[in-house]
Every structure is written in structure tokens, then in C-alpha cells.
Amino acid sequence: MRYVSTRGEAPVLSFSDALLAGLARDGGLYVPEAFPTLSADEIAALAGKPYPAVAKAVISPFVGDALPERVLDLMIADAYASFRHPAVTPLTQIGPNRFLLELFHGPTLAFKDVAMQLLARMMDHVLAARGARATIVGATSGDTGSAAIEAFRHSDAVDVFILYPHKRVSEVQRRQMTTVNAHNVHAIAVEGTFDDCQAHVKAMFNHHAFRDSLALAGVNSINWARIVAQVVYYFYAATALGAPHREVSFVVPTGNFGDIFAGYVAKRMGLPIRDLSIATNVNDILARTLETGRYEVKGVYPSSSPSMDIQVSSNFERLLFEAVDRDSGAVRQLMASLGQSGAFTVPREALAAICSDFSAGRADEPETAQTIARLYQSAGYLADPHTAVALAVADKVEHAAKVPQVVLSTAHPAKFPDAVEAATGHRPGLPPHMADLLTRKESVSVLPNDLVAIETFIRTHARVGRGAAA
Ligand SMILES: Cc1ncc(COP(=O)(O)O)c(C=O)c1O
Ligand SMILES: N[C@@H](CCOP(=O)(O)O)C(=O)O
């Protein structure tokens with residue numbers, strides 16, 4: 001399998017090269033040259049299989065011969081052995097036709113672990129095979145950063161620099177990033193928003209001299225391996241509910257559009273998904289885009305679901321690429337307009353194509369709190385605010401009851417205890433492996449919202465640029 005850039009002007013890469021590349025050199029995102037498909041019989045055969053077996057069937061076509069089969073098997077087994085639930089991503093029924101897909105049983109209590117635990121093993125393997133090192137730069141609104149730090153903190157082949165928006169993540173999220181005490185991990189609090197952090201990361205990749213001298217690698221969902229690993233749980237959940245013989249819909253709390261794009265990939269691979277519903281909080285650029293066709297960046301409002309306080313939704317570019325029939329020139333134009341004026345209009349046919357696969361809705365702060373409270377009162381279930389945004393939107397989706405509706409539950413409520421306690425009066429506790437998190441010593445560098453200052457910090461602390469093998 002080979003990978004092409006959405007902007008059409010970067011080299012075509014193998015899976016291993018795309019894994020290490022992060023952003024494409026033309027500023028675009030890598031996607032497979034073609035989506036592999038699974039037949040109805042192949043999909044049916046996944047029903048009832050353990051999570052690692054489903055992972056292997058879904059991921060292998062994207063990896064091709066880049067990793068030996070035995071190595072991939074071991075990586076998958078090892079990655080998911082660290083999850084606290086035997087099903088890895090269990091389904092919980094909460095209504096006659098509604099299910100929560102719990103994605104938070106990994107080490108850092110958010111869905112990011114599902115992909116990051118595998119990505120770290122893949123990167124370590126490829127770097128070791130090449131005798132190389134890398135400098136990972138990532139932007140986080142709280143969860144990607146903690147998952148990446150946890151997954152890479154024992155890796156000698158990488159240094160990890162995570163940029164997060166100062167004072168805009170929960171205390172648990174912050175402490176997960178600032179208390180690991182590993183020599184290769186650097187938590188950087190940027191005096192700006194998540195969008196600023198993500199723009200700095202992309203600017204570092206687009207600064208080719210900096211990128212090459214530090215062997216930059218990315219762990220955000222710009223990395224295709226992140227998306228692929230997330231495709232697995234769509235197959236796992238849908239086959240448990242009757243696919244391929246029955247359609248299923250998914251409602252996905254959405255910010256950077258990586259998670260729901262993985263659902264789109266599952267559909268392109270042959271999974272019968274009726275609807276993919278984009279659920280946003282008050283930072284609703286994607287809901288507005290589907291309504292009006294205009295993708296327009298406005299200010300970011302801090303919400304009780306801070307991980308989705310995002311305006312520039314990185315993976316939407318991958319969807320646009322598909323919606324304009326892979327016309328990379330058209331994508332370049334739309335992205336240039338976004339860069340210049342903070343907005344673009346989705347071409348009419350492309351919008352129609354998008355709306356045939358996706359619906360969208362938003363939930364404001366009172367709706368989110370009421371949803372957490374209602375589920376606790378009716379079922380004794382504590383949902384985190386991101387999950388609650390999706391549950392609130394699920395109630396608004398027209399065809400909700402017609403096919404099984406799976407709502408992605410992306411974080412453990414204990415990551416956002418203040419919002420959950422305010423809604424229910426019950427403060428969710430951290431699991432035993434994190435019991436001392438709130439008393440651990442923190443280490444963090446607060447930097448201005450300035451690319452030069454951030455690059456200087458990274459250059460000073462990274463080992464690759466200081467003469468270690470690259
Ligand atoms: C808990 C949680 N839910 C939902 C999202 C949104 O996911 P995505 O950015 O893939 O759309 C995020 C951030 O990515 C998150 O951390
Ligand atoms: N919500 C995310 C934002 C980054 O998303 P990613 O999927 O592109 O890594 C976070 O928690 O960091």
C-alpha cells in the first residue's frame with residue numbers, strides 16, 4: 001500500500017515512511033492510494049472475534065508488507081494487553097436501540113490510547129530497523145498529549161515535545177502530561193489555544209530545515225497510522241450488532257475530525273454504516289459547515305468538553321479530498337483560502353457528497369450538563385462531557401431509532417471530575433493506577449504563543465539535533 005498527499009505535491013510514500021513523516025512536505029495529509037475493501041463474508045467472520053483479531057484483519061491491508069505478519073501480531077497483542085477491559089472497547093446498552101462504545105479503558109483513560117499504544121510500537125520498530133531516532137512534536141487539547149507521553153515515555157529512540165494550551169485543559173489531563181518524570185518527555189504549556197498549538201506543529205513540519213535537522217515525527221491524527229488503528233473499533237462494534245447483515249449508525253464527539261474520519265474509512269472499506277453523526281460542542285465549525293457549506297473559523301470558547309475546543313479541524317482536509325474526487329488542486333485552493341481569510345466554501349457537489357455520509361449537530365453547555373445528569377439519574381451511568389455532547393446530539397438525529405445507534409464514549413468521567421460532579425453531585429474517582437496523580441510533582445515549561453520561541457526550546461532539548469544518530 002502506498003500513500004499520497006491530499007495536496008498532491010509531496011512524494012508518494014510507503015506505510016513505514018508515512019508513519020514517520022507526519023505532515024506531508026506539501027502541507028497536506030497522507031491517505032492511502034486506494035481504500036482496501038473487505039467482503040461481506042470477511043466482515044461477517046469478524047463477529048465475535050477478540051479485539052486483536054479484528055485489529056489484524058482491518059489494519060493488515062493498510063500495512064501491506066511494511067511489517068512482517070508475526071511482528072504486527074505481537075504489536076497488536078502487546079498494545080491491547082494494557083487495557084483494563086477484556087473486550088478492549090466494550091459496548092454498553094443504554095436504551096432500546098442505543099449503545100455506548102467505551103473507548104476509555106486504556107492507560108490514560110481516553111480513546112487516544114487505542115491508536116497511540118499501537119503507533120508507539122510501530123514507530124519504535126521502524127526506527128530500530130533503520131537505526132534512527134526521531135523528535136516527536138504534538139499538539140494536544142489534553143488527551144492526545146497524555147496518551148503519547150504514556151506510550152513513548154520508555155522509548156529511547158524518540159524525544160517527545162507536547163504543546164498544550166496553557167490553563168485550557170483539565171487538571172487531570174495536565175498532570176498526566178506534567179508528572180511523568182521521563183528524560184525524553186517535555187510538556188510545553190503554550191499561552192494560546194489548541195488551534196495555535198496545532199498551527200505551530202504544522203508550521204514546524206512546513207519549516208523543512210528544522211524538520212529535517214531534528215527528524216520530526218508526528219503523533220497527532222495527521223499520522224495515518226492513528227486513523228487506521230481507530231477504524232478497528234467501528235468494525236468491532238458494528239459486527240457485534242449484526243453487521244454486515246444490519247446497518248449501524250455512529251454518533252461521534254468531534255474536534256479534529258480524526259475519530260469520525262476513521263468511521264468514514266470503515267464505511268469505504270465496506271462496513272454498512274447508515275449515518276456518521278458529527279457531534280460538536282459550542283465550538284461548532286463542523287456543524288455550521290454541513291448546514292451552510294461555509295467553513296469559517298471563529299473564536300474558540302472554553303467549554304466543559306475542552307478536548308473539543310477546536311476550530312481548525314485538521315482531518316476535514318482528508319474528507320474534502322474525497323469529496324472533490326481526489327482533486328488535489330481543488331484541495332490546495334480551499335486550504336489556501338483558509339490560510340488567507342480563515343474560511344472557504346465547500347463546492348456544492350462536494351457538500352452533497354459529504355451530507356450523504358454525515359449529519360451534524362451541536363450541544364451547548366446546559367444541554368451537555370443535563371445529559372450527564374439524566375443518564376446518571378436513569379441508569380446510574382457517569383458519562384464524561386465529551387460523551388455527553390454526543391449523547392445530546394444523538395437525541396436530535398432524525399433516524400435515531402431505525403438502526404442501532406452507537407455513541408462513541410471517548411473519555412473516562414474521572415478526567416473531567418468538576419463538570420461531572422457539577423451535573424450529578426457525584427465526583428468520579430481515578431482508577432488505582434492513577435490514585436496518586438494529584439500529588440505527584442509537576443514539570444512543565446510555559447512558553448509564549450510564538451513559533452520561534454517554541455522551535456528554540458525544542459532545538460535546545462532534542463537529542464537528534466545535538467549529534468545523536470538521525
Ligand atoms: C475526549 C475526546 N473526545 C472527542 C475528541 C474529538 O476527537 P477528534 O479530534 O478525533 O474529532 C477528543 C479530541 O480529539 C477527545 O479528546
Ligand atoms: N482532542 C485532541 C486534539 C488533537 O487531536 P488529534 O486526534 O489530531 O491528535 C487532544 O485531546 O489532544
Side-chain angles (χ1 to χ4, degrees), residues 3 13 15-24 29-30 59 62 75 79 82 103 106-128 132-165 169 173 176-178 180 182 184-188 190 194 197-206 210-211 214-231 255-259 261-262 307 310 314-315 318 410 454 458 461-464:
Y3 290 84
L13 298 182
F15 178 82
S16 304
D17 287 329
L19 178 73
L20 296 184
L23 203 65
L29 302 180
Y30 276 107
I59 294 171
F62 292 97
M75 282 178 188
S82 67
L103 302 172
T108 69
L109 317 186
F111 78 101
K112 308 289 181 171
D113 290 321
V114 178
M116 206 64 80
Q117 285 293 317
L118 188 60
L119 177 77
R121 285 164 174 82
M122 286 177 167
M123 266 200 192
D124 265 350
H125 177 87
V126 172
L127 287 169
R133 281 183 178 282
T135 304
I136 288 174
V137 290
T140 188
S141 49
D143 291 327
T144 292
S146 36
I149 287 171
E150 173 61 29
F152 285 98
R153 71 194 168 109
H154 298 300
S155 168
D156 198 40
V158 301
D159 293 311
V160 184
F161 295 85
I162 297 295
L163 278 53
Y164 71 86
V169 299
Q173 288 178 313
Q176 284 182 310
M177 294 186 278
T178 59
V180 289
N184 65 334
V185 166
H186 306 269
I188 302 174
V190 175
F194 168 77
C197 296
Q198 179 154 263
H200 292 315
V201 165
K202 289 194 172 178
M204 286 187 260
F205 276 103
N206 286 328
F210 181 80
R211 169 186 188 149
L214 295 184
L216 287 196
V219 289
N220 281 108
S221 52
I222 55 175
N223 192 320
W224 180 255
R226 279 274 314 277
I227 305 290
V228 171
Q230 292 173 204
V231 176
N256 229 3
F257 208 77
D259 209 6
F261 189 76
S307 302
I310 295 176
S314 192
N315 284 282
R318 284 187 166 121
T410 48
I454 294 165
I458 294 174
H461 292 87
R463 286 175 295 170
V464 171

- Of all the heavy-atom pairs spanning I59 and A229, show the shortest one and how long it is. CD1-CA, 4.3 Å

- Item | A157 to A132 - nearest heavy-atom pair and separation | CB-O, 4.1 Å

- Query: Backbone N or O of S314 within a donor-acceptor pair of the N256 side chain at under 3.5 Å?
  - Reply: yes

- Query: Does Q117 offer a backbone N or O that forms a donor-acceptor pair with the side chain of R121 under 3.5 Å?
  - Reply: yes

- T135 and D159 side chains, donor-acceptor separation under 3.5 Å: no

- Query: Under the side chain to side chain contact (heavy atoms under 4.5 Å, CB included) test, which residues partner A187, sequence neighbours left out?
  - Reply: Y164, M177, T178, V444

- Query: Taking atom CZ of F62 and atom CD1 of I227, what is their separation to the nearest 0.5 Å?
  - Reply: 10.5 Å

- Query: When rounded to the nearest 0.5 angstrom, what is the spacing between OH in Y3 and CH2 in W224?
  - Reply: 7.0 Å

- Note on the structure: Interatomic distance, CG@L109 vs CG@L103, rounded to 0.5 Å, equals 12.5 Å

- Note on the structure: Here the gap from I222 atom CD1 to F205 atom CZ, rounded to the nearest 0.5 Å, amounts to 4.5 Å

- Query: Tell me, which pairs form a salt bridge (Lys or Arg N to Asp or Glu O under 4.0 Å) where one or both residues lie in residues 136-156, sequence neighbours left out?
  - Reply: R133-D156, D143-K415, E150-R153, D156-R463

- Correct closest heavy-atom pair for S82 and P107 would be OG-CD, 4.0 Å

- For the residue pair A147 and D113, what are the closest heavy atoms and their distance? CB-OD1, 3.5 Å

- Query: Looking at side-chain heavy atoms only, is the closest gap between I162 and H186 below 4.5 Å?
  - Reply: no

- Message: Quick check for you: to the nearest 0.5 Å, what is the distance between S16 atom OG and M122 atom CE?
- Response: 9.0 Å

- Query: Can you tell me if N184 uses its side chain to pair, donor with acceptor, with the backbone of S155 under 3.5 Å?
  - Reply: yes

- Query: Are side-chain heavy atoms of L216 and F210 found at a separation under 4.5 Å?
  - Reply: yes

- Message: Any donor-acceptor pair under 3.5 Å linking the side-chain atoms of Q173 with those of T108?
- Response: no

- List the steps and the verdict of side chain to side chain contact (heavy atoms under 4.5 Å, CB included) for F152 and V219. CA-CA 10 Å; F152 285 98; V219 289; 3.6 Å; yes

- Note on the structure: Shortest non-hydrogen pair, N220 vs A139, comes out as ND2-O, 2.7 Å

- Message: I'd like to know if the side chain of R318 reaches the main chain of Y30, judged simply by a donor and an acceptor atom lying under 3.5 Å from each other, with no hydrogens or angles considered.
- Response: yes

- Message: For F261, give me all partners under ring pair (Phe, Tyr, Trp, His ring centres under 6.0 Å), at least two apart in sequence or on another chain.
- Response: Y264

- Task: Give the intermediate values and the outcome of side chain to side chain donor-acceptor pair (under 3.5 Å) for residues K112 and T140.
- Result: CA-CA 11 Å; K112 308 289 181 171; T140 188; over 6 Å; no

- Taking all heavy atoms of S221 and all of N315, pick out the closest pair and write down the distance. OG-ND2, 2.7 Å

- Item | Non-hydrogen side-chain atoms of F161 and I136 separated by less than 4.5 Å | no

- Return yes if some donor-acceptor pair links the side-chain N/O of N223 with the main-chain N/O of G22 below 3.5 Å, else return no. no

- Note on the structure: Output for pair (L19 CG, L119 CG), nearest 0.5 Å, gives 6.0 Å

- Message: Please check this pair: side chain of N206 against backbone of K202, looking for a donor-acceptor N/O pair closer than 3.5 Å.
- Response: yes

- Hey, does L163 have a side-chain heavy atom less than 4.5 Å from the side chain of H200? yes

- Item | pair M204-L214: side-chain heavy atoms closer than 4.5 Å | no

